[in-house]
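In what follows, a single structure is set out as structure tokens and then discussed.
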Amino acid sequence: MRLLSGMRPTGRLHIGHLVGALSAWLSLQDEHERFFMIADWHALTTSSDTSKLPENIIEMALDWRALGIDFTRSTVFVQSDVKEHAELYLLFGMLTPMPWLERDPTLKNMIEDMHLRGANYGLMGYPVLQAADIALYKAEAVPVGVDQAPHIELAREILRAFNHRFSLVFPEPQAILSHTPRLPGTDGRKMSKSLDNAVFLDETPENIGRKIMQLVTDPKKIHATDPGDPDICSAQDYHKAFRPSDAPSADSDCRAGRLGCVRHKQYLSEILISYLAPFREKRAALKGLEAQTRELLVAGGERARKAAAQTMAEARKAMNLQFP
Ligand code: TRP
């Protein structure tokens, strides 16, 4: 079975990326044939500022390497390095009725987020481009965070439409969703670099401690001995994500007024600091390996192009687009 996933190079990775998608990528590394893509064109749908793009691409690749993604055993590449993505995107655009896009809730949220700056035409095609990413490699498994599920569903519909209208070229992809629900940012809102509420993977121990202390807990729990509601506590969300084994006992201690928020957060900082320590070490050891990493991405691009060119030839043939 072939597996593909991607991520937009929008800057430093945070623990939300890890819990949402990357942990699934890592756990699936020994099975399947794998494609991991840096989705630079997708990044342009919400910002046409490309000044940091080359740097962000390399930083993301280094982060992936530090996490343990093996660039020789998986095909890791940059989307814009494989022009076939643009061709298939254009063709899929002709098979995608507008209402399908209008009812994609994740796309709707992105358009609403862009309200002040103004959403562009390219953003409307975001899921269509994502469908092309998946289809080009005939991927059947797509490990992503839950927010991506609507895009994968839309991709399935587009591929079904293609197979039905022309001939059976594309398998229908399955989303592989991570089981950990989305981690909130330190202020309780969605974790995002731009909201300044993210805990980055390479955060120093001091910063981890400082940020964990900011986590929003049950507002009704004022004193350490007050009973609290862990269901509305971000610290407990983090606890469940990073140390599930003793999260239930923290849950009952909190409800019984035996666990104060400060002590809980101190414990959580320790967990997170030791959880992220190996990453920080490996990431530091990769400093200076930018050129080598770039070469690995170029090699990955070559392998990806071969697979993409083959699929594209089939798609053109199915669509009677081989002229003469
Ligand atoms: N939209 C994905 C995200 O924001 C990134 C992405 C682009 C992707 N193309 C993909 C994910 C193809 C899976 C498959 O996280």
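We're numbering straight along the sequence, starting at 1. What you see below is based on every heavy atom in this structure, not just the backbone, and it leaves out hydrogens, waters and symmetry mates. For ligands, and for the atoms within them, numbers begin at 1 and follow the listed sequence.
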Suppose we measure from atom 5 (C) of ligand 1 to each protein heavy atom; which comes out shortest, and what is that distance? G6 O, 3.4 Å
Using a strict cut-off of less than 4.0 Å between a Lys/Arg side-chain nitrogen and an Asp/Glu carboxylate oxygen, indicate whether K108 and D104 qualify as a salt bridge. no
Measure up the H42 and Y126 rings against each other and bin them: parallel (under 30°), tilted (30 to 60°), perpendicular (over 60°). tilted
Any N/O pair D133/ligand 1 closer than 3.5 Å: yes
Note: L129, heavy atoms under 4.0 Å from ligand 1, region reported as neither
Has N197 got a side-chain atom pairing as donor or acceptor with K190's backbone, closer than 3.5 angstrom? yes
Residue-level breakdown please: for V144 versus ligand 1, do any non-hydrogen atoms fall below 4.0 Å on the side chain, on the backbone, on both, or on neither? side chain
Check the angle between the aromatic planes of H239 and Y267 and answer parallel, tilted or perpendicular using the 30° and 60° thresholds. tilted
Closer than 4.0 Å to some heavy atom of A39 - which atoms of ligand 1 meet that? 7 (C)
If you scan protein heavy atoms around atom 7 (C) of ligand 1, the nearest is H42 ND1, 3.3 Å
Show which atoms of ligand 1 fall inside a sub-4.0 Å distance from at least one heavy-atom site of R8. 4 (O)
Polar contact flag, side-chain donor to acceptor under 3.5 angstrom, S5-W25: yes
Using a 4.0 Å heavy-atom threshold (strictly under), name the region of M37 that reaches ligand 1: side chain, backbone, both or neither. side chain
Report the nearest protein non-hydrogen atom to atom 2 (C) of ligand 1: residue, atom name, distance rounded to 0.1 Å. Q148 OE1, 3.2 Å
Could you say whether the N/O atoms of Y126 and ligand 1 ever approach to under 3.5 Å? yes
What are the atoms of ligand 1, with element, lying closer than 4.0 Å to any heavy atom of V142? 13 (C), 14 (C)
Closest to atom 14 (C) of ligand 1 (heavy atoms only, candidates I38, D147, T10, L4) is L4
M7 versus L13: any side-chain heavy-atom pair under 4.5 Å? yes
Please confirm whether R12 makes a cation-pi placement over F200, using NZ or CZ under 6.0 Å from the six-membered ring centre and within 45° of the ring normal. yes
Would you call the rings of Y137 and H85 parallel, tilted or perpendicular, where under 30° means parallel and over 60° means perpendicular? tilted
